[in-house]
A.B. asks: 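Structure below; questions to follow.
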Amino acid sequence: MSQKLTSPNEDYAKWYNEIVYRADLAAQSPVRGCIIIKPYGYEIWEGIKASLDRRFKETGHQNAYFPLFIPQSYLKREAEHVEGFSPELAVVTVAGGKELEEPLVVRPTSETVIGEAFSQWIQSWRDLPLLLNQWANVVRWELRTRPFLRTTEFLWQEGHTAHATHDEAEEETLRMLDVYAAMAIEDAAIPVIRGLKSNVERFAGALRTYSIEAMMGDGKALQSGTSHNLGQNFAKAFDIKYLNKANELEYCWTTSWGLSTRMVGAVIMAHGDEVGLRLPPKLAPYQVVLVPVYKTEEERSRVLEVLHRLAAQLKAAGVRLHLDDREETPGFKFNDWEMRGVPVRLELGPKDLEKNSVVLARRDILGKEGKRFVPQDGVVQAIHDLLAEVQANLLAQATQFRDSRIHDVNSYDQLKQAIEASGWARGYWAGSDDDERRIKEETGATLRNFPLEGQPEDGVCFYTGKRGGGRVALFAKAY
RNA sequence: CGGGGCGUGGCGCAGUCCGGCUAGCGCGCUUCGUUCGGGUCGAAGAGGUCGUGGGUUCAAAUCCCGCCGCCCCGACCA
């Protein structure tokens, strides 16, 4: 059995692909660049989705659904927007056996249709703010695809809001960025850096774009969520206007923000190790897997009886679990579920029956150190605690890893060294768009964002030597 | 779009250069037995239009021509 996973240190891309398929997260689809998301992978997405959806509702948003097809002319109304998206559009020109009068674009994002709707729905300042979200699939004909990280069709949510003033829109943009960061940190156990995107990386048609950037196990950055202040660009293109209290017609200020199934890729790459996936308990489809150990048929039935009882207790306590009663050996199951990233394993065998105990083993600490014996009547509490520990430890490990690879740089040479060492470079920045592009060409690193936290004193730009107005930039190679 | 690789049972591959007889191997699958606290072992089975179309030949997975598809690496992107 060719069971050993490729080591991430040996070939990270291969390791990633193997995990995706072997952990049963996804399958290849018959269509180039698309994937079939299998139940185990989809449940991780559902966890992300549930967390975000709850947070969206808490911040006053409502869900709606807009059509998959967008009249081609809509895309053209916002100049920068078309330009940004036209190369990657899928367009329907024939339907019902006939050439369409106007081709329909399969949405790459929905600013345009939603903008058109907003223009009809918003008339008064009393209609504002309008806070909507939609869960949807979108299509972007990318040249190079990778499972979850970049697929031709992907699932995401896109929030779209309209406000009376620039400041309210900006506030919303940042609020939703914070929602993303909270989900990433609290649920996915992935530390992220919130920041402003550079002009070069800004969303087509936005005034300002913000992102959360996460570090993957190979030191590359992954933009895991984006939030745009669209200014009045789309309001002007789609005529989204309202009457203010002084009875004057004004353009709205709109925002949009999205987070996609790419986040599943982030979870894989932020936590995975040489054994396989390591899922944060809050997002794990199974938080606990129960593995019976027995010799005889008689032992089997006694062990399973206890396991069913414990499973019922755990379920009642809200724990997601799976009782693995396949006829494989325990050792096989241990390895199988470790590869699939289940945070906690509960073993129960004849010896435990005698002592009324169980063995708990944690995925984040392999081997003996990660195992402990607990009495059966304390299992629910013990698992509850253990899940919290694993969750916290994954975040701590990812944070430590990330921080150890962020290097403060004072010169271009230092940036090159940091990037060369598979890390991120952080330094004062006063360069131009062209400077930024040049760095990308020469080093492969892009300006990920200008971090929002910890705005420091003014400093000297590491690239141009100019005083930089206190702006710190983060450079990294990215997915 | 440029570079590289691949298409042979469910998966991973060998066989292709140098045509040849019932197309092999590992894993998985089914059944029986055995084992079971870190990837048990054994036996018996099931399963293949060799991507596709054409050509050469007594004979094609293998040679020739065309087509299709996928994967990987780079430039665009959440």
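We name chains A, B, ... by the order of the sequence lines, and we start the count at 1 in each one.
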A.B. asks: Heavy atoms only, 4.0 Å cut-off, all strands: where does Thr209(A) land among base, sugar-phosphate and nothing?
C.D. replies: nothing
A.B. asks: Nearest nucleotide by nearest heavy atom, which residue falls closer to the 5' end of RNA chain B, Thr145(A) or Val275(A)?
C.D. replies: Val275(A)
A.B. asks: Suppose you measure atom C1' in G24(B) against the same atom in C65(B); what distance do you get, rounded to whole Å?
C.D. replies: 30 Å
A.B. asks: What interatomic distance, in whole Å, is found between C1' of C71(B) and the corresponding atom of C11(B)?
C.D. replies: 15 Å
A.B. asks: Distance to the ring centre below 6.0 angstrom and angle to the axis at most 45 degrees; does that hold for Arg107(A) and Phe66(A)?
C.D. replies: no
A.B. asks: Write down the partner of U62(B) under the Watson-Crick or G-U wobble criteria, each distance required to be under 3.5 Å.
C.D. replies: none
A.B. asks: With rounding to whole Å, what would you report as the distance between C13(B) and G51(B) at their P atoms?
C.D. replies: 14 Å
A.B. asks: Between C1' on C1(B) and CZ on Arg144(A), what's the gap in Å once rounded to a whole number?
C.D. replies: 14 Å
A.B. asks: Taking any strand in view, what nucleotide pairs with G33(B) in a Watson-Crick or G-U wobble way, both distances under 3.5 Å?
C.D. replies: C41(B)
A.B. asks: C36(B), C76(B), G38(B): which one has an atom nearest the side-chain heavy atoms of Phe334(A)?
C.D. replies: G38(B)
A.B. asks: From C-beta outward on Ala13(A), which listed nucleotide comes closest to its side chain: A75(B), C73(B), G37(B)?
C.D. replies: C73(B)
A.B. asks: As a test of reading the structure: which of C36(B), C76(B), G38(B) is closest to the side chain of Val293(A), going by heavy atoms?
C.D. replies: C36(B)
A.B. asks: Taking the C1' atom of each, how far is G9(B) from G26(B), in whole Å?
C.D. replies: 13 Å
A.B. asks: Any side-chain heavy atom of Thr254(A) sitting closer than 4.5 Å to one from His160(A)?
C.D. replies: no
A.B. asks: Distance between the C1' atoms of G55(B) and G19(B), in whole angstroms?
C.D. replies: 15 Å
A.B. asks: When only distance counts, do a donor and an acceptor, one from the side chain of Asp336(A) and one from the base of G39(B), lie under 3.5 Å apart?
C.D. replies: no
A.B. asks: Would you classify Val359(A) as touching base, sugar-phosphate or nothing, given that sugar-phosphate means primed atoms plus P, OP1 and OP2, and contacts are heavy atoms under 4.0 Å?
C.D. replies: base
A.B. asks: Atom CG of Asp11(A) to atom P of C71(B): distance rounded to whole Å?
C.D. replies: 17 Å
A.B. asks: For G12(B), which nucleotide is its Watson-Crick or G-U wobble mate, given both distances must be under 3.5 Å?
C.D. replies: C25(B)
A.B. asks: Describe the nucleic acid contact of Lys371(A) in one word from base, sugar-phosphate, nothing, applying a heavy-atom distance below 4.0 Å.
C.D. replies: base
A.B. asks: NZ of Lys333(A) versus C1' of G39(B): gap in Å, rounded?
C.D. replies: 13 Å
A.B. asks: Picking from C71(B), U40(B), C72(B), which would you name as closest to the side chain of Gln28(A)?
C.D. replies: C71(B)
A.B. asks: Roughly, in whole Å, what's the span from CZ in Arg437(A) to P in A75(B)?
C.D. replies: 16 Å
A.B. asks: Map Glu297(A) and Thr329(A) onto RNA chain B by nearest heavy atom, then report which one ends up closer to the 5' terminus.
C.D. replies: Glu297(A)
A.B. asks: Grab the two heavy atoms, one from Pro451(A) and one from Val472(A), that are nearest each other, plus how far apart they are.
C.D. replies: CD-O, 3.2 Å
A.B. asks: Return the nearest nucleotide to the side chain of Arg150(A); candidates are C36(B), G39(B), C77(B).
C.D. replies: C77(B)
A.B. asks: With rounding to the closest Å, how many angstrom separate the P atoms on C18(B) and C29(B)?
C.D. replies: 41 Å
A.B. asks: How would you label the contact of Phe85(A) with the nucleic acid (heavy atoms, under 4.0 Å): base, sugar-phosphate, or nothing?
C.D. replies: nothing
A.B. asks: Nearest to the side chain of Asp352(A), which nucleotide is it out of G37(B), C73(B), C76(B)?
C.D. replies: G37(B)
A.B. asks: In whole angstroms, how far is the P atom of C77(B) from the CZ atom of Arg202(A)?
C.D. replies: 12 Å
A.B. asks: Would you check if His322(A) and Arg340(A) make a side-chain contact, meaning some heavy-atom pair closer than 4.5 Å?
C.D. replies: no
A.B. asks: Using the C1' atom as the reference point in each nucleotide, state the distance between G66(B) and G20(B) in Å, no decimals.
C.D. replies: 27 Å
A.B. asks: Quote, to the nearest angstrom, the C1' distance that separates A23(B) from C50(B).
C.D. replies: 8 Å
A.B. asks: Send over the distance from Arg32(A) CZ to C68(B) P, rounded to a whole Å.
C.D. replies: 14 Å
A.B. asks: Is Lys295(A) close enough to U40(B) that one of its side-chain N or O atoms is under 4.0 Å from OP1 or OP2 there?
C.D. replies: no
A.B. asks: Quickly work out the Leu5(A) CG to G39(B) C1' distance and round it to whole Å.
C.D. replies: 14 Å
A.B. asks: Within a strict 4.5 Å, meaning less than it, do heavy atoms of the Pro8(A) and Asp273(A) side chains meet?
C.D. replies: no
A.B. asks: Any side-chain heavy atom of Leu346(A) within less than 4.5 Å of one from Leu307(A)?
C.D. replies: yes
A.B. asks: So Leu25(A) and Ile268(A), do their side chains get closer than 4.5 Å, heavy atoms only?
C.D. replies: yes
A.B. asks: Are Glu436(A) and Trp429(A) packed together at the side-chain level, in the sense that at least one heavy-atom pair is separated by less than 4.5 angstrom?
C.D. replies: yes
A.B. asks: Go through G38(B), C70(B), U40(B) for me and flag the one nearest to the Phe332(A) side chain.
C.D. replies: U40(B)
A.B. asks: Provide the Watson-Crick or G-U wobble partner of C77(B), both distances under 3.5 Å; none if there is no partner.
C.D. replies: none
A.B. asks: Please work out if Gly258(A) contacts a base, only the sugar-phosphate, or nothing of the nucleic acid, heavy-atom cut-off 4.0 Å.
C.D. replies: nothing
A.B. asks: Quick check: do Thr209(A) and Glu201(A) have side-chain heavy atoms less than 4.5 Å from each other?
C.D. replies: no
A.B. asks: Any base atoms under 4.0 Å from Pro350(A), or only sugar-phosphate, or nothing? Heavy atoms, all strands.
C.D. replies: base
A.B. asks: Considering only heavy atoms and no angle criterion, is a donor-acceptor pair shorter than 3.5 Å present between the side chain of Glu338(A) and the base of G38(B)?
C.D. replies: yes
A.B. asks: Quick one: label Arg345(A) by what it contacts on the DNA or RNA (base, sugar-phosphate, nothing), any heavy atom closer than 4.0 Å.
C.D. replies: base
A.B. asks: Under 4.0 Å between a side-chain N or O of Asn17(A) and OP1 or OP2 of C71(B)?
C.D. replies: no
A.B. asks: In whole angstroms, how far is the C1' atom of C77(B) from the CG atom of Leu222(A)?
C.D. replies: 12 Å
A.B. asks: Measuring from the side chain of Glu142(A) (C-beta onward, heavy atoms only), which nucleotide among C76(B), U40(B), C36(B) has the closest atom?
C.D. replies: C76(B)
